[in-house]
Protein chains: 2
Amino acid sequence: MIEYRNLRVALLGAGSVGSQTARLLLEHADELASRVGAKLELAGIAVRNTSAKRDVELPAELYTTDAEALITSSDIVIELMGGIEPAKSYIIQALTSGADVITANKALLAEHGDELFEIADQVGAQLYYEASVAAAIPILRPLRESLAGDRINRVMGIVNGSTNYILDRMDRFGDSAEDAAAVALELGFLEADPTLDVEGYDAAQKVTILASLAFHTSVPVASVHREGIASVTLEQVRAAREAGYVIKLLAIAERLADPDTGVESISARVYPALISRQHPLATVHEGKNAVFVEAEAAGSLMFYGAGAGGVETASAVLGDLVSAARRHVAGGPGVAQKAHASLPIVPVGSIETRYQFTLEVADEPGVLATVATVLASHRVSVETVIQTASTDTEASGTATLVIGTHTAREASLSATVTELANLGVVTAVKSVLRIEGI
Amino acid sequence: MIEYRNLRVALLGAGSVGSQTARLLLEHADELASRVGAKLELAGIAVRNTSAKRDVELPAELYTTDAEALITSSDIVIELMGGIEPAKSYIIQALTSGADVITANKALLAEHGDELFEIADQVGAQLYYEASVAAAIPILRPLRESLAGDRINRVMGIVNGSTNYILDRMDRFGDSAEDAAAVALELGFLEADPTLDVEGYDAAQKVTILASLAFHTSVPVASVHREGIASVTLEQVRAAREAGYVIKLLAIAERLADPDTGVESISARVYPALISRQHPLATVHEGKNAVFVEAEAAGSLMFYGAGAGGVETASAVLGDLVSAARRHVAGGPGVAQKAHASLPIVPVGSIETRYQFTLEVADEPGVLATVATVLASHRVSVETVIQTASTDTEASGTATLVIGTHTAREASLSATVTELANLGVVTAVKSVLRIEGI
């Protein structure tokens, strides 16, 4: 049954994903061999310190500090070190020495993906990276292969488990943002330095990868409009719940078409937004991830599962490993990643979305007419208005207006809010959130 | 950019999926060509009657009644005729003439998949069939490739949209089974002969395909335990809702391990069951499909989307077409489908599950003790008991017992119900349902 020579697999890094990948590779060796048609031999694990304590106990002789020797003697190289360097140099070394490469390094791909795919294409090697977005959830292969005959119009995902955990606790348990973050930190859902998660950098890296794949276009991470969850308050979360919404940090990649010319462009953005509780993404709790895809023919699809975790991420790494190994056995150059569409990327002001904003206004006749006039002047159409007299004693003599708009250009919506904030009758703009997923 | 010769694509059948596939293939020709690196030329559409009226208007010269000539002159053959013959003969003819084949024919695969895969493997051709299960939802490729490095323990899906539509209406709108079926028929969710859907045959064909892929084992459709939804009453649906459950027709493929020897086997089955309203499958409404996968490393994953429809199914067909075409351009024999694990398939009596049964009993002292003794004699452990006095005037002097069990062997649970039904104090067994998804 196994007729092919052994394939040598190099592992770079022995953190939580790396050590679980090694364990599964050793434990399931026979099963993997029968799936591939060749034995996968773990040639070594490159680490900085061979005697460091690890989560998973593995044969000591596997560890080496000589990454370069390991790389050049292997058929397939798995990079799980993270960070830009030396990961990038090692991947280039592996590709140019003819090895296929598997990586979970979203930061590296978001910054230097184009360069790495170009090198892989030139030398006829493959670069696999399913584990870089949403960990165990198969999302990149479905986008790249299953939907390859369709046209993807929108990818909207909850791709950061830490911020989803925080927002979910605020929504379901009424935690303040600080309390929710403290629990997330204690349970390991949040890094000691939470900036990458909370400010949306992690989600921006992932939407870069998703958008590039979905739209066959190179999307630099710098072109992603990014807002984190630091400004989301418990009051907003509660008001959202009462109105039938939930606030989620959404990573959105969208195809836009000029209504007159039909010329297409794309938008990639990350921000907290309201989505209806009836939307499938609303039921994504705790640290789970989900990616909602809208395609022209397939309609709406959702992919749901664990978005982090050592063993969960290792599942995606091993899936890529089996693909790479099968390709070795079967031959053929595989699928190159090319930005053949090269659609222009538009700034966030050009997208269409809906706003919900909460204004504290003077409780006097004519205020609503004044506000409505401003909206009309920006051609922003109102879907719902809820006016309530203030119950806050400090704000007596004021009322609260919650206005939900129809779809309009982001730039118009944004300008509307700025003008409203400067009206004499508006004493405070208490909340501005986009509404997505309709 | 396009350097490869044109690839000739034959289409067999011009029903709703076939005509949408042809339309998308023609409309997106340029985009598909740039994804594949070769132009995909629709060589012809084989139909029985070239002048029949079709949903989609296509160039008349594409239609032909000479399927064999079309097949032998094509690189890739798409079979969307349905049924066993002549579809099977045409697929064999295509494979043996060296063409790759794409099919959405679940009935044919469930009955003759092994034979067709064997032929494909012998001649080095590929047989693609993503569209055969859950239409547009990418589920087969993720099972086959993304999770190829993991061990799948359970696949549990809502894979029949018609029955989900009926059960969903009963649950959400309180329709009787008959009324819900009438609406489903009117809206096109149900065939004029609903037997294949309602009796679970369609779901059994799909679970055959899912189980074979997930467990690398040939699973004959005759080995699938099958119960349809014909016996599900509105009363059961309402009682389930009150208890925090929803009734769904579930297709389940599961890996079992003998607790003593560790020897593995599998079970494939279709039946209506209770699942918690907190389970992701509980939110699958109307005619939607979803497949929930539990893997050793990846944990729980869910794939959600449209499970039927011409254009949605065409999306999956075109995804397979792009894969097949890329393989032509890139070369290499692709991934063979082999039943290398060949796990034994056990009868339903050997599985472990939970039961919820509703008994009408004499309202007299000692009845609960009698019932509990029967449960204990079968080593079935009780999780919940709810006893209510009957409000039904015809059944005065009786009470209702709703018993939820812990996990036990199906055979023990089934024998328990039989023995209870024969007890003098039990006047009726009003409902027996399994509980899944815990």
Side-chain angles (χ1 to χ4, degrees), chain A residues 1 20 24-25 28 31-32 34-37 130 135-138 140-142 145-151 216 280 283 288 290 293 295-306 309 311-323 326-327 330-336 338 340-341, chain B residues 1 20 24-25 28 31-32 34-37 130 135-138 140-142 145-151 216 280 283 288 290 293 295-306 309 311-323 326-327 330-336 338 340-341:
Chain A
M1 192 156 179
Q20 291 292 347
L24 291 169
L25 193 47
H28 296 173
E31 198 152 345
L32 291 170
S34 66
R35 288 184 199 169
V36 168
E130 180 66 67
I137 308 174
L140 303 188
R141 185 173 278 104
E145 298 181 32
S146 306
L147 291 165
D150 207 332
R151 273 171 69 84
H216 310 279
T283 62
K288 294 286 188 186
V293 177
E296 183 182 307
S300 299
L301 302 168
M302 191 173 81
F303 303 80
Y304 165 93
V311 69
E312 292 86 350
T313 310
S315 169
V317 171
L318 288 174
D320 279 351
L321 176 60
V322 169
S323 287
R326 282 175 173 163
R327 209 178 67 79
V335 182
K338 287 195 187 128
H340 60 73
Chain B
M1 192 155 181
Q20 292 292 345
L24 291 168
L25 192 47
H28 296 174
E31 197 152 348
L32 292 170
S34 67
R35 290 186 197 165
V36 168
E130 181 67 67
I137 308 174
L140 303 188
R141 185 174 278 104
E145 298 180 33
S146 306
L147 291 164
D150 205 331
R151 274 170 69 82
H216 308 278
T283 62
K288 294 285 188 186
V293 177
E296 185 183 306
S300 299
L301 302 168
M302 191 171 82
F303 304 80
Y304 165 94
V311 69
E312 294 87 349
T313 309
S315 170
V317 170
L318 287 174
D320 279 352
L321 176 61
V322 169
S323 287
R326 282 174 173 163
R327 208 177 67 79
V335 181
K338 287 194 184 126
H340 59 73

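A note on names: the letters A, B, ... follow the listed sequences, proteins ahead of strands, and every chain is numbered from 1.
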Item to check | Residue A:L147 versus chain B: region with a heavy atom under 4.5 Å | outcome: both
Checklist outcome for this item: Heavy atoms of B:G149 and A:L32 approach each other most closely as CA-CD2, 3.6 Å
Checklist entry - If you measure from CD on A:E296 to CG on B:L24, what distance do you get to the nearest 0.5 Å? => result 6.5 Å
Checklist entry - Which pair of heavy atoms, one from B:L301 and one from A:G305, lies closest together, and at what distance? => result CD2-CA, 4.0 Å
Next on the checklist: Working to the nearest 0.5 angstrom, can you tell me the gap between B:R151 CZ and A:E31 CD?
Outcome noted: 4.5 Å
Checklist outcome for this item: Value for OG (A:S146) from CG (B:L140), rounded to nearest 0.5 Å, stands at 9.0 Å
Checklist entry - A:G319, A:A297, A:A316: which one forms the most heavy-atom pairs within less than 4.5 Å of chain B? => result A:A297
Next on the checklist: Quick check: closest heavy atoms across A:T283 and B:T283, and the distance to 0.1 Å?
Outcome noted: CG2-CG2, 4.2 Å
Checklist entry - Which region of A:A314, side chain (C-beta onward) or backbone (N, CA, C, O), has a non-hydrogen atom less than 4.5 Å from a non-hydrogen atom of chain B, or is it both or neither? => result neither
Checklist entry - Hey, mind stepping through A:F303 and B:F303 against side-chain contact (heavy atoms from CB on, under 4.5 Å) and telling me if it holds? => result CA-CA 5 Å; A:F303 303 80; B:F303 304 80; 3.7 Å; yes
Item to check | Option in B:V293, B:V311, B:L321 with maximal non-hydrogen atom pairs under 4.5 Å from chain A | outcome: B:V311
Next on the checklist: If we count only N and O atoms by modelled type, under 3.5 Å, do the side chains of A:H216 and B:R35 hold a donor and an acceptor together?
Outcome noted: yes
Checklist outcome for this item: Nearest heavy-atom approach of A:S300 to B:K288 is O-NZ, 4.4 Å
Item to check | Residue among A:S323, A:P138, A:A136 with most heavy-atom pairs under 4.5 Å to chain B | outcome: A:P138
Next on the checklist: On a heavy-atom basis, which atom in B:D150 and which in A:S315 lie closest, and how many Å separate them?
Outcome noted: OD2-OG, 2.6 Å
Next on the checklist: I need the minimum non-hydrogen distance between A:E312 and B:A298, along with the two atoms involved.
Outcome noted: CG-O, 3.7 Å
